[in-house]
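For the numbers below, each heavy atom of this structure counts, side chains included, while hydrogens, waters and symmetry mates do not.
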Amino acid sequence: MTLPLAVSPAVDSAVSKIFRRVVPLFIVMLICNQLNRSNIGYAQTHLEADVGIGAAAYGFGAGVFFIAYAIFELPSNVLMEKFGAKVWLTRIMISWGLVSAAMAFVNGPEMFYALRFLLGVAEAGFFPAIIFYFTRWLPNNHRSRATALFIAGSSIAAAISGPLSGPLLSLDGLGGHHGWQWMFALEGLLSVVVGCIAYRLLDSKIDDAKWLTGPEKHDLQAVIAEEDVLRSEASAKRGESGSRWKLLLQPRILVCCGIFFAITMAIYANTFWLPSIIRRIPGTTDVTVGLLSSLPWICAIFAMYYSNRSADRTGRHKPYLVAALLIGGIGTMAAAFVTPWLALPLLCVATMGFKSASPLFWSIPQRTLHPMVLAPAIAIINSLGNLGGFVAPFGFGVIKEQTGTVTIGLVVLSLFALAAAAAVTYFRRDKEDIDDVADLPEVGSDEPTVAAK
């Protein structure tokens, strides 16, 4: 008797190989991405002293990256479809490494703005390309785990960026250059090296993977095709039909943009302003600020892993997402009204909530959207949602410059998180939604697939 494709040993073997070969590479790539994107948080005070970039200018420069990112996100994904993930992801990584290294030559606010904008142009398309890559390479009940492991790379980067950036900043005067110049140059060149390695290891399509056997390729592609059919049928039952552009205007995509906007605001507010909050603790130095800044991100790594593993086991991702957003919002609210020492553990709790919310959130579009619009929809959600990465740092900078504190900014962040938690309820559970693991054929399960039925 022939086994259903969903329980094929070839599929299990292929998935294991992908988790051993591709997922770790993507994690390393995201670590480099986050280091180059957020290292200005550690250079803030030095840029102000050496280059004359004040709080408002710093906040605008930190945020203008996301404007460029949003503008070029969709075009970048279109070009990826033309050139393939292998070439395009490598191009993205090498170009962002070169632009990040060029930050070592910043000599004023205008150049700071220009390079941050170019960094957004260079990075555009990276994150949605990998999220879409998972939908084309992994069966449904493995994608959330892969996404969580991938996004954990950003927490790992945040955890090591302090211990890494602190010593690099301490190189001040070496070779006649400032420590922040060494930090930008070395961390940028690291991305260039990793990008060259990625070109040798990546494949654009399952058929291109010489490290998969013939049966592994065949069965893996068949399972993914079956899941596409189920999603298409679910979209039709909801009355979603027509052209790709018409489908992109459906309300659920707009709601997804709003939820991800709130999550991004919270994550990048912490990324860019956490070091300055910790500097309020008496007796801190560049090294101790770096070490203390890593604590929330270390906590977030464990929270992301266990929350997403539990959500995958139960097949109920939305309740976990709501809980994560509530934890993040309440933790941020509480941190706004306590001393710096008490704010640090509360921000650890908040970061655990917000970082866990990110991979939990991506389970919604991955499991519910029509396959025809999945790639552009992911790009649109990510690009519009990432505008929160502009609003948060810029808004914090203006608030701090006007009030001398970030208290109001933390309160606003918490309110956005609570609103996002309420918005998740838009995706109600009913028989026409395919948004849980149990609704799709699972690799390793006893449930027959569409073909088998």
Between Tyr69 and Ser383, a side-chain donor and acceptor under 3.5 Å: no
Flag the pair Arg116 / Phe60 as yes when at least one side-chain heavy-atom distance between them is below 4.5 Å, and no otherwise. no
Can any side-chain N or O of Lys86 pair as donor or acceptor with the backbone N or O of Ser204 at less than 3.5 Å? no
Just verifying a value: how many Å separate Leu418 CG and Ile330 CD1, rounded to the nearest 0.5 Å? 6.5 Å
Steps toward side chain to side chain contact (heavy atoms under 4.5 Å, CB included) verdict (Ile327, Met352): CA-CA 8 Å; Ile327 290 171; Met352 291 167 65; 5.7 Å; no
In this structure, are over 12 heavy atoms from other groups packed under 6.0 Å from Phe416 atom CZ? no
Any Leu325 side-chain heavy atom under 4.5 Å of Ile263 side chain: yes
With rounding to the nearest 0.5 angstrom, report the CD1 to SG distance, Ile380 to Cys256. 11.5 Å
Backbone N/O of Ala14 and side chain of Lys217: donor-acceptor pair under 3.5 Å: no
Considering only heavy atoms from C-beta outward, does the side chain of Leu410 approach that of Met333 to under 4.5 Å? no
Around Ile408, counting heavy atoms of other residues, nucleotides and ligands shown, do more than 12 lie under 6.0 Å from its CD1? no
Please step through side chain to side chain contact (heavy atoms under 4.5 Å, CB included) for the pair Trp211 and Val22, ending with a clear verdict. CA-CA 11 Å; Trp211 40 276; Val22 179; 3.9 Å; yes
Evaluate ring pair (Phe, Tyr, Trp, His ring centres under 6.0 Å) for Trp362 paired with Phe134, printing each intermediate quantity in order. CA-CA 11 Å; Trp362 283 111; Phe134 285 150; over 10 Å; no
Side chain of Asn33, backbone of Met29: donor and acceptor closer than 3.5 Å? no
For Ser100 and Trp96, indicate whether the former's side chain and the latter's backbone hold a donor-acceptor pair under 3.5 Å. no
Just checking, any donor-acceptor pair under 3.5 angstrom between side chains of Arg20 and Ser16? no
Reported CD1-to-CZ distance for the pair Ile378 and Phe132, which is rounded to 0.5 angstrom: 7.0 Å
Of all heavy-atom pairs between Gly188 and Asn36, which one has the smallest distance, and what is that distance? N-ND2, 3.6 Å
Check whether any side-chain N or O of Lys17 sits under 3.5 Å from a backbone N or O of Leu212 as a donor-acceptor pair, and report yes or no. no
Check: Ser307 main-chain N/O paired with Ser310 side-chain donor or acceptor under 3.5 Å: no
Return the OH to CE distance between Tyr199 and Met93, rounded to the nearest 0.5 Å. 16.0 Å
How close do Leu360 and Ala324 get, heavy atom to heavy atom, and via which atoms? CD1-CB, 4.3 Å
Per the side-chain hydrogen bond (donor to acceptor under 3.5 Å, both in side chains) rule, what does the pair list look like for residues 331-354, sequence neighbours excluded? Asn270-Thr351
Decide yes or no for Tyr306 and Ser356: does some side-chain heavy atom of the first lie under 4.5 Å from some side-chain heavy atom of the second? no
So, Asn382 side chain and Phe127 main chain: donor-acceptor pair closer than 3.5 Å or not? no
Rounded to the nearest 0.5 Å, what's the gap from CG on Asn308 to CG on Leu149? Could you check? 8.5 Å
Can you tell if the side chain of Arg136 reaches within under 4.5 Å of the side chain of Ile224, non-hydrogen atoms only? yes
Please determine whether side chain to side chain contact (heavy atoms under 4.5 Å, CB included) holds for the pair Leu168 and Glu187, giving the CA-CA distance in whole Å, both sets of side-chain angles, and the decisive distance to 0.1 Å. CA-CA 10 Å; Leu168 290 177; Glu187 292 181 358; 3.7 Å; yes
Drop me the distance from Ile156's CD1 to Ile151's CD1, to the nearest 0.5 angstrom. 12.0 Å
Answer yes or no: are there more than 12 heavy-atom neighbours, outside Phe19 itself, under 6.0 Å from its atom CZ? yes
Who passes ring-ring contact (aromatic ring centres under 6.0 Å, His included) against Tyr133, sequence neighbours left out? Phe26, Trp137
Please work out which of the three classes, parallel, tilted or perpendicular, describes the rings of Phe83 and Trp88, given edges at 30° and 60°. parallel
List the steps, then state whether side chain to side chain contact (heavy atoms under 4.5 Å, CB included) holds for Ile364 with Leu321. CA-CA 10 Å; Ile364 294 177; Leu321 175 57; 3.8 Å; yes
So does Ile92 get a backbone contact from the side chain of Ser95, meaning a donor-acceptor N/O pair under 3.5 Å? yes
May I ask you to test the Glu216-Ile206 pair for a side-chain heavy-atom distance under 4.5 Å? no
Aromatic contact between Phe65 and Phe117, with the criterion being ring centroids under 6.0 Å apart: yes or no? no
For the pair Glu73 (side chain) and Ala124 (backbone), establish whether a donor and an acceptor sit closer than 3.5 Å, ignoring hydrogens and angles. no
Is Thr425 reaching over with its side chain to a backbone N or O of Ala422, donor-acceptor style, under 3.5 angstrom? yes
